[in-house]
Amino acid sequence: MPLLIKEPVERMDRPYARRWWALGVLCLSLLIAVMANTALTVAAPDMTMDLGLSSSDLQWVIDAYTVPYAALMLLLGAIGDKYSRRGALVLGLVIMSVGAGAGAMVDSSTAVIVVRAVMGVGAALIMPATLSLLAATFPRAERAKAITIWAATSGIAIAAGPLIAGALLRDNGWHSTFLINIPVAVLAIVGAFVLVPPSKAAQHGRIDYVGGLLSVVWVGSLIFMIIDGPHFGWGVRAVSAAVVAGIGLIAFIIWELKHPRPVLDVRKFTQRGFAGSNLAVALFFLAVFGAFYYLTQHLQFVLDYDPLETGIRMLPLAGAVFVGSAVTGILAPRIGGKIMVVAGMVGGTVALALLTQIEAGSTYADFVAPLIILGLSLGFAVSPCTDVIMGAFPESELGVGGAVNDTSLELGGSLGIAVLGSVLANSYSSKLAEETSGSKLPASALDTAQDSVGAGNGVAQGIAEQARALSEKAAGASSPQEAAQLKAQAQELAGGAHQMADAVRSAFSDAVAHTSLVGAVILGVGTVAVAALLPRAGARKAASGAISEGVRAGGTDGADGDRAEGGAERESEYVDGGR
């Protein structure tokens, strides 16, 4: 077998021999795309101090990655289908490397935001390519198992990002969290040429660029609104983005319904299995990303763990994802993906409900059970949904299928951070005001402390530093009376600093409990909706017929229509356990 694989997988007369090694490359690429986002959660405090970031700056440093990532996936997935899925993967890894290299050298908030946006473009190429190459490389009988491993990797990356970033930050600056992406991306690029066979759609007409651009407009505007509105207020920017997103979505749907070969056949969303699976992915990652957002802050700012210690304490989540995915691979073909998905969403709701018991005196031990349950639940739910979504697309649209799955994931994650993050911020601010009511804290200091838990800790530390300065001044006082007076003031300030720190921790703990309750309600209601949407046993013929009609209505060629119909039957089998 040659060192560089050049034969397209579509021309192979038997399953590709090194397909499991190829899966390793795809999972490594997936790790880069996911960890580039999650690693920043623990690097943010150092970056904030070094660059003097405002809360607005920090929010866009984090979310500048998300906007192009979510907005471009559908169009770039279609381009990869037509020209080269492996080429799209490699190009995405190159862009990610260039962005990471630039990120290691920049020294301003604006430059970091631009770099993060460039990396988001790379991720928009990588993510749909990993799923489309997986689906093209693996025979149908093995695809569910491969997707299970892919999904497990995605879940593990969520927890691995803070761990690796924490290890780097112990001895290096925040720039190192960008640099780590480069050698991993280079390894993935080499692996792509050596182990991943080229792939593109056997038959693919002209790309629906108008539909693709409309998708960029409405998804990008929606993500911008989700980020901007809850965090910065519903002013002109957020409202304008909402209007553009609404008009763009309507225009997209109308155009796609009329186009003979749309970039996305929106009729698929009328199919219960497809719609239910996308809803489940979005809701689950709303819960996971939202919880991850405030749990990492609680571990660092309330329990006083450093970034590495925080990453280590998120490992139960990663381990549980792996175990849950392994169990799903065994049970889903026997009892049905629907049961696994609903069980996962119920488990996620339970995990969030357990977090409502968090209080100021809680220790790390109180987080272990919720983390494990959340990880197991993620492993249960994601791979069956991904398998159903990918099974709804013919061979010519595998990149689009991967983009739809990943867009649902990213929309859910963005909503989780925005909605639950907004609930967290408002709850923390009001709780802190209650905790400090009647204190002598200046209004300006209270306003600063209410901005975030990190800012609250900063205010407490500032008061403590003032106390230490007065104590040192008292030691050099010219008279005993002056010394006694300064010592009394220092003791009063020290007591105020201690009370302020306690108030911040108590307020944030209460906010975590309240936000978890909101998240549990959202996921619980969503679980009922998903359970109602996912088809029951015996729905195979109806699902198959619906997809076949959708394919014919969308103008898909006969060969792809047969593949889509087969995918529909497999969707019904996987959801219902009808193997």
Side-chain angles (χ1 to χ4, degrees), residues 41-42 44-45 48-49 53-56 58-59 62 230-233 289-307 309-310 313 352-367 370-371 416-467 492-522:
T41 57
V42 296
T48 299
M49 292 179 62
L53 301 179
S54 66
S55 59
S56 174
L58 179 60
Q59 192 65 46
I62 295 171
H231 289 287
F232 307 116
F289 275 67
F292 193 86
Y293 176 76
Y294 58 76
L295 288 180
T296 52
Q297 291 187 66
H298 195 281
L299 292 174
Q300 290 185 80
F301 294 115
V302 177
L303 297 184
D304 292 328
Y305 294 119
D306 66 26
E309 292 169 337
T310 298
R313 281 160 180 79
L352 293 178
L354 288 174
L355 289 172
T356 63
Q357 304 304 306
I358 295 300
E359 55 188 15
S362 297
T363 65
Y364 171 68
D366 297 304
F367 290 88
L371 285 173
I417 294 174
V419 174
L420 296 186
S422 180
V423 172
L424 179 79
N426 291 333
S427 179
Y428 164 74
S429 179
S430 62
K431 293 286 184 182
L432 185 61
E434 293 176 9
E435 293 282 345
T436 57
S437 178
S439 69
K440 298 179 180 179
L441 187 70
S444 59
L446 177 59
D447 288 342
T448 301
Q450 286 177 303
D451 186 57
S452 68
V453 63
N457 280 341
V459 170
Q461 291 171 5
I463 297 172
E465 288 172 2
Q466 292 177 27
E492 184 178 358
L493 281 175
H498 183 72
Q499 291 174 0
M500 184 63 192
D502 287 345
V504 167
R505 296 182 182 196
S506 178
F508 193 78
S509 298
D510 288 346
V512 165
H514 176 70
T515 306
S516 297
L517 176 61
V518 174
V521 171
I522 293 173

Inset, instruction - Applying side chain to side chain contact (heavy atoms under 4.5 Å, CB included), name anything that partners Asp306, two or more places apart in sequence or on another chain. - result: Arg170, Leu308, Glu309
Inset, instruction - Drop me the distance from Leu420's CG to His514's NE2, to the nearest 0.5 angstrom. - result: 10.0 Å
Inset, instruction - May I ask you to test the Leu355-Leu295 pair for a side-chain heavy-atom distance under 4.5 Å? - result: yes
Legend entry - Atom pair CG (Leu352) and CD1 (Ile522), whose distance is rounded to the nearest 0.5 Å: 9.5 Å
Legend entry - Check: Arg313 and Leu303 side chains under 4.5 Å, non-hydrogen atoms: no
Inset, instruction - To the nearest 0.5 angstrom, please state how far the OG1 atom of Thr296 sits from the OH atom of Tyr305. - result: 14.0 Å
Legend entry - Inter-residue atom distance Gln357.CD - Ser362.OG, 0.5 Å rounding: 9.0 Å
Legend entry - Partner residues of Ser437 under the side chain to side chain contact (heavy atoms under 4.5 Å, CB included) criterion, sequence neighbours left out: none
Inset, instruction - Answer yes or no: is there a donor N or O on one side and an acceptor on the other, between the side chain of Ser516 and the main chain of Val512, under 3.5 Å? - result: yes
Inset, instruction - Mind listing the closest non-hydrogen atom pair of Thr436 and Ala503 along with its distance? - result: CG2-CB, 4.0 Å
Legend entry - Phe289: ring pair (Phe, Tyr, Trp, His ring centres under 6.0 Å) partners, not counting sequence neighbours: Phe285
Inset, instruction - Say whether, by atom type as modelled, one donor and one acceptor occur between the side chain of Ser427 and the main chain of Leu424 under 3.5 angstrom. - result: no
Legend entry - With Glu492 via salt bridge (charged side-chain N to carboxylate O under 4.0 Å, His left out) - residues at least two apart: Lys440
Legend entry - Non-neighbouring partners of Ser452 that pass side chain to side chain donor-acceptor pair (under 3.5 Å), sequence neighbours left out: none
Inset, instruction - Could you grab the distance from atom OG1 of Thr448 to atom CG of Leu446, nearest 0.5 Å is fine? - result: 8.5 Å
Legend entry - By side chain to side chain contact (heavy atoms under 4.5 Å, CB included) - contacts of Ser422 (at least two apart): Pro230, Asn426
Inset, instruction - Kindly write out the residues that satisfy side chain to side chain donor-acceptor pair (under 3.5 Å) with Tyr428, not counting sequence neighbours, or none if the list is empty. - result: none
Legend entry - Of all pairs that satisfy salt bridge (charged side-chain N to carboxylate O under 4.0 Å, His left out), the ones with a partner from residues 494-517, not counting sequence neighbours: Asp304-Arg505
Legend entry - Residues forming a side chain to side chain contact (heavy atoms under 4.5 Å, CB included) with Ala501, sequence neighbours excluded: Ala460
Inset, instruction - Please name all residues satisfying side chain to side chain donor-acceptor pair (under 3.5 Å) with Ser506, sequence neighbours left out, ordered by chain then number. - result: Glu435
Legend entry - Sequence-distant partners of Phe367, ring pair (Phe, Tyr, Trp, His ring centres under 6.0 Å), two or more places apart: His298
Legend entry - Non-neighbouring partners of Thr515 that pass side chain to side chain donor-acceptor pair (under 3.5 Å), sequence neighbours left out: none
